[in-house]
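What follows is one structure encoded as structure tokens, with my remarks underneath.
Letters A, B, ... mirror the listed sequences (proteins, then strands); counts begin at 1.
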2 protein chains.
Amino acid sequence: MATLSDIGVAAGINLLSAFIFFIAFAVLRLQPFNDRVYFPKWYLKGLRSSPSRSGAYVKKFVNLDFRSYLRFLNWMPEALRMPELELIDHAGLDSAVYLRIYLIGLKIFVPITFLAWAILVPVNYTNNTLQLQLKNVTSSDIDKLSISNVPDGSDRFWTHIVMAYAFTFWTCFVLLKEYEKVANMRLQFIASEKRRPDQFTVLVRNVPPDLDESVSESVEHFFLVNHPDTYLTHQVVCNANKLAKLVKKKKSMQNWLDYYQLKYTRNNAKRPLMKTGFLGLWGQQVDAIDHHISEIEKLSNEIAEERERVLKDPKATMPAAFVSFKSRWGAAVCAQTQQTRNPTSMLTEWAPEPRDVYWQNLAIPYVSIAVRRLIMAVAFFFLTFFFIIPIASVQALATIEGLEKALPFLKPLIEIKFIKSVIQGFLPGIVLKLFLIFLPTILMIMSKFEGFTSISSLERRSATRYYLFNVVNVFLCSVIAGTAMEQLKTFIKQSANEIPKTIGVAVPMRATFFITYIMVDGWAGVAAEILMLKPLIFYHLKNFFLVKTEKDREEAMDPGSLSFNTGEPRIQLYFLLGMVYATMTPVLLPFIVVFFGLAYVVFRHQIINVYNQEYESAAAFWPDVHGRIIIALLISHVALIGLLSTKHLAQSAPLLIALAVLTIWFYRFCKARYEPAFVRYPLQEAMMKDTLERAREPNFNLKPYLQNAYIHPVFKDNDDEEVEEFSNKLEEENVLVATKRQSRRNTPAPSKISGASSPSLPETVPQGSVP
Amino acid sequence: MATLSDIGVAAGINLLSAFIFFIAFAVLRLQPFNDRVYFPKWYLKGLRSSPSRSGAYVKKFVNLDFRSYLRFLNWMPEALRMPELELIDHAGLDSAVYLRIYLIGLKIFVPITFLAWAILVPVNYTNNTLQLQLKNVTSSDIDKLSISNVPDGSDRFWTHIVMAYAFTFWTCFVLLKEYEKVANMRLQFIASEKRRPDQFTVLVRNVPPDLDESVSESVEHFFLVNHPDTYLTHQVVCNANKLAKLVKKKKSMQNWLDYYQLKYTRNNAKRPLMKTGFLGLWGQQVDAIDHHISEIEKLSNEIAEERERVLKDPKATMPAAFVSFKSRWGAAVCAQTQQTRNPTSMLTEWAPEPRDVYWQNLAIPYVSIAVRRLIMAVAFFFLTFFFIIPIASVQALATIEGLEKALPFLKPLIEIKFIKSVIQGFLPGIVLKLFLIFLPTILMIMSKFEGFTSISSLERRSATRYYLFNVVNVFLCSVIAGTAMEQLKTFIKQSANEIPKTIGVAVPMRATFFITYIMVDGWAGVAAEILMLKPLIFYHLKNFFLVKTEKDREEAMDPGSLSFNTGEPRIQLYFLLGMVYATMTPVLLPFIVVFFGLAYVVFRHQIINVYNQEYESAAAFWPDVHGRIIIALLISHVALIGLLSTKHLAQSAPLLIALAVLTIWFYRFCKARYEPAFVRYPLQEAMMKDTLERAREPNFNLKPYLQNAYIHPVFKDNDDEEVEEFSNKLEEENVLVATKRQSRRNTPAPSKISGASSPSLPETVPQGSVP
């Protein structure tokens, strides 16, 4: 156990490193040639252009104005100055609400910290159990301030129980207020938004196959019949995955061509050469520029061919479509209702924003999704509890002996003492770290496999899984010391009332470890975030090798985005630590508060100046955030029950169980009360906005506006000509409304698959009814 | 442990008693004066009238045709003869699908029984573990046929695992087919039904209070604005609970009056007298007929007054309304969507059938419901696990000493030897039995307290709770012998992998107990059901004391109904026993099969001839039935895992866990695939039916049809005059559409509570738009 002074030294070191990061950031951001790395958001918004201060050539790259260095922390108040409404306008609601997570951390933990230090710390400190009990162990100051210092069976524990109630009620109160606020912000945001295609559009999946009609025709017929007053138009989803791959390849070729051409212009003497084999290491040597030009030509032809195929071939059409309506009301109705008898065909849901659509997954059929979910649930279970097995085996390989056996030719190299020690000291750790770095990617791939159709939902799913992984493998493993697998074994073998005890007893003992963790990961880590080291390096590399025009420079910027799937679970870990330690070791709380404060400022700055959100989900993630804070509360209750029952105060358990039941009830109450605002769209709102808009712009023609909104990005990317072609094709299809369906008089029973083919319904809808 | 011959004797006794019940039934049902007890369904349908065979007076009461007694079992084939479609037509879909639960039992267990006897029984029997191990214990034949006879660690257990897979897959297959079938039947039923008010009507609850408008006005405004094309009319719910109570009281008075008048006509000498005090035991003696006449007069006045009050007083209007639409499509849209920003106001759901509405609960506000659910969940937990405490205390009181203490004046009576032995032998059992008889009523009261709005949902909720109670207190307590409270303690103290062992080891040992249970409760109990003893007695009592007219005789019939809340959980207990014992003690299976067969015939007969369903929910209970059979499967897996791990075959656990995971996945798959058919109403179906109907009856005027459909039954009960009055009042209200809302120009922000009051919307809707 560390003493208070040990912690103080560690805090000093971490604060110092955070400080160094801030100074480095202050220096780097003031250099004009880094401007695009530290202020990309403004460039993307078109509010800032390349620094072009007239003057010396040097000034274009280095800032020589020394006064500006003195105010090196002035970005902080600047970041805080922008009001929330402007922030929403500037960076979107997602980002603004994301910042509220940090703010909630402050709102919850600042009062809790004060209360805990005012009441719990004195209550704990004025005992001397530890001096008496542990005479041979050097008891630290931190333990003196924690619950461990209270003697067994003492009545003082009632203070902790009362505090647990107070903390829980306060947290729930803040959560309730915040949920209400965010729900209102979301509705306000949706209501105040400009006209957007996704407000009028519904994604229809699993269009049932029909022998006589194409997907486009059967969608059109279905909605003309079943939403006669509101249906406007639709766009069928094409399987352009191969096309997208080709386009991507062409772009990379183009990059290489640029690189070689730039090289050639800089050194005119020698035409650059390259080898055609793998990674340019083997194969025939050719002129690089000519080779790339011919390759690009070839690819262009292939792309044109593939594009033709996608547009013509009915097999390239997926059984999914974006159906647009004349009014938001119509879309809201269609998105919230069931269309056909078979609840797995003609599945409707709100269309994600066009840029939020994850195109690859639109074609997965329903049963396949059910199977995929099962597989991924099982895979995730094994990933969480048995991930240590493959890593351990790689780590075994990464020892000296393992390496020598696997790659004998490296033996002389490895035997060098320095390299040997490096391998022994770092390699196992690096293997683990590498895995942990790739973990979000693995989780993202798992989510993609599950078939979610929007990037935002993919990120939300990954975040949930990442959080669970963290709780098990970071929190529990650190607390009980051992791999998740070992714990699983212990937990299965332990009785139900032993598990809380195991956790509860271990939690206060690991306080110093988590304090260090918070400082390293939370303080220094957050400060490092602002440096943007990776984008900085990549930008300058690209700038040097590829950039020719202003547009290239634009593309070389990598502003990044919030990446909800990794960021939010990390914050939740701090909520978990704060909740669990609030009653047990209140010393930890100030560290949490500092983290939330620092992170709030840093991320506010990043959101204002750097990140460029890829999509806008209107804070659809909030129910998840809310739910996870509740989980943290419940874990804290379990740990406290466990601890108190080892402290001869088992009779307090019912009180704390009641608290947990109340918390669960609170969660359910909030879910019913506020979650619909994040899932559904109230008809009243839709009608209000429709009415307003109709009054303001009575003559606006929606159809052309919506016609091309949901076209696969590869069709949009290059030139508008193809969009034209694509939409022409759609127009053509619209003419073909008269049914191709054969008469079914011989088979009078209504077809099971396609409900619209029931003979009792008017099969051909007059063209005139399409507005 | 009983031997096979013991079981055989028990089976003989129970079969005999069942046989006696059948003979008694055969005799009683052939007597004309019992006709109304055993064929009330036909009377209610108007297809049968009182037996009026001309002939001897005796023949009117006793059937003297001896030939008919010879064919005393011929009701069985008769019951089976009616085809299912006719049955649906005759008794409704609820009853027809309820019968399918028994049929599913046969479909699942007949093949399982054959397979188990063909494979498992020989595998078990050809060991001789029991002879070797338990030389001092007399091992029975039944145990020889069970899994207990297989030696520890034997490879033969793999047969049981394979069989567990086979049984699970077969059950899931049957369940899947059946779910599909029932879902189709439901949709078919809804589609083929005649026009019914609930198809066009949505129940709106939690209408937000508005200072300027009455509930009726604000509902009308809201729906005129937000469903302009489909809204037709609405009926506000009135708080007529007090009125209903008065009407009920009057009816009971009327009954007494009838009784006294009949008494007087039979014995003209003496006018009947009565006392006015409690139960007619104390108080002033008066002329009974005069007294009742005056009381009824008084009540009639009170009723008239109260009716007036309900119609006039705005406080008697509840914030709920039945809103009717012009088309099924409009109602389907409204029922499935969210109306306002606040998801807890203007809650819409499909209106239950008029006779299914539970009027008392329509006024409960949302937050109150959330709190009530919490209270009831906690109460149910205590009811399940601690119900034994109050019963034990009553039982303690019900001993000789307890009684003597509590009621000392009874001492001489109690000391009589015969009475003493009766008290000692029966009283504790009777107390428990009494509680168990009242349990469904208690559960029903709990459900009512939770605020469900239809009788069908009340019954479904009670059934779920009753099932859970049965699993814990009948199944688990019988298996592990001990009260639920003791088990709860054990389970909390045991480790997670000990719990299945405890269950698994105990299950095969209790096989004979459950076999006896099945025979007594399942065979003889079901046979007793057909006798209808209680209605028989009550009918004849009423017939003698009250009946004067044919209409009275009609009312004296008590056909009863299926009472889903008690019947279904009882069946589920047999599913549970069958599943759990299928792999362990296959001997039990034939008994289950006999139960399902017998019960199917008996209840089919009852449904055809006796029961009169009070409402029609179109098989809305099926998802519950399906889910509970899945629970039975899961419990069987847990028990098998536990048993095998004590048999030194713990390595088989992953295989069985995988089976359980697959089963859960199957449940989720079915839920997503079929449950929507029981919750939502596809727009395609609605549109199809609307179109058909519009084509058939283009001039049908819906409004008068729907106007009075949802009037509180007390307004309907007596005379049509009041209905007229009520609907006149409604008409009057319709004229008042012009808003009373005051101008809000001074407060430009839209009102939070009432969304419709936003100033940007047209507030007064022209009367002309109401068709």
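- Closest approach of A/Leu374 to B/Val661, counting heavy atoms only: CD1-CG1, 4.0 Å.
- The greatest number of non-hydrogen atom pairs below 4.5 Å with chain B, out of A/Met346, A/Glu685, A/Arg373, is found for A/Glu685.
- For B/Gln336, there are no side chain to side chain donor-acceptor pair (under 3.5 Å) partners two or more places apart in sequence or in a different chain.
- Within the structure, the salt bridge (charged side-chain N to carboxylate O under 4.0 Å, His left out) test picks out the following pairs touching residues 655-676 of chain B (sequence neighbours left out): B/Lys671-B/Glu675.
- Residue B/Leu662 touches chain A through its side chain alone, counting heavy-atom pairs closer than 4.5 Å.
- In this structure, B/Phe223 CZ and A/Leu683 CG are separated by 9.5 Å, a value rounded to the nearest 0.5 Å.
- In this structure, CD on A/Gln684 lies 10.0 Å from NE2 on B/His227, to the nearest 0.5 angstrom.
- Ranked by non-hydrogen atom pairs under 4.5 Å with chain A, the options B/Ala332, B/Ala677, B/Ala672 are led by B/Ala672.
- At distances below 3.5 Å, not a single donor-acceptor pair connects side-chain atoms of B/Trp665 with backbone N or O atoms of A/Ile375.
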side-chain contact (heavy atoms from CB on, under 4.5 Å) between B/Arg341 and A/Asn184, intermediate numbers included: CA-CA 9 Å; B/Arg341 275 190 163 209; A/Asn184 275 331; 3.7 Å; yes
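- The 12-atom threshold is exceeded at CD1 of A/Ile657, counting heavy atoms of other residues, nucleotides or ligands nearer than 6.0 Å.
- Across A/Ile664, A/Asp690, A/Val378, A/Val371, the residue that shares the most heavy-atom pairs under 4.5 angstrom with chain B is A/Val371.
- Nearest heavy-atom pair across B/Met687 and A/Asn226 is CB-OD1, 3.3 Å.
- In terms of heavy-atom pairs under 4.5 angstrom with chain A, the leader among B/Pro676, B/Ala335, B/Ala377, B/Ala183 is B/Pro676.
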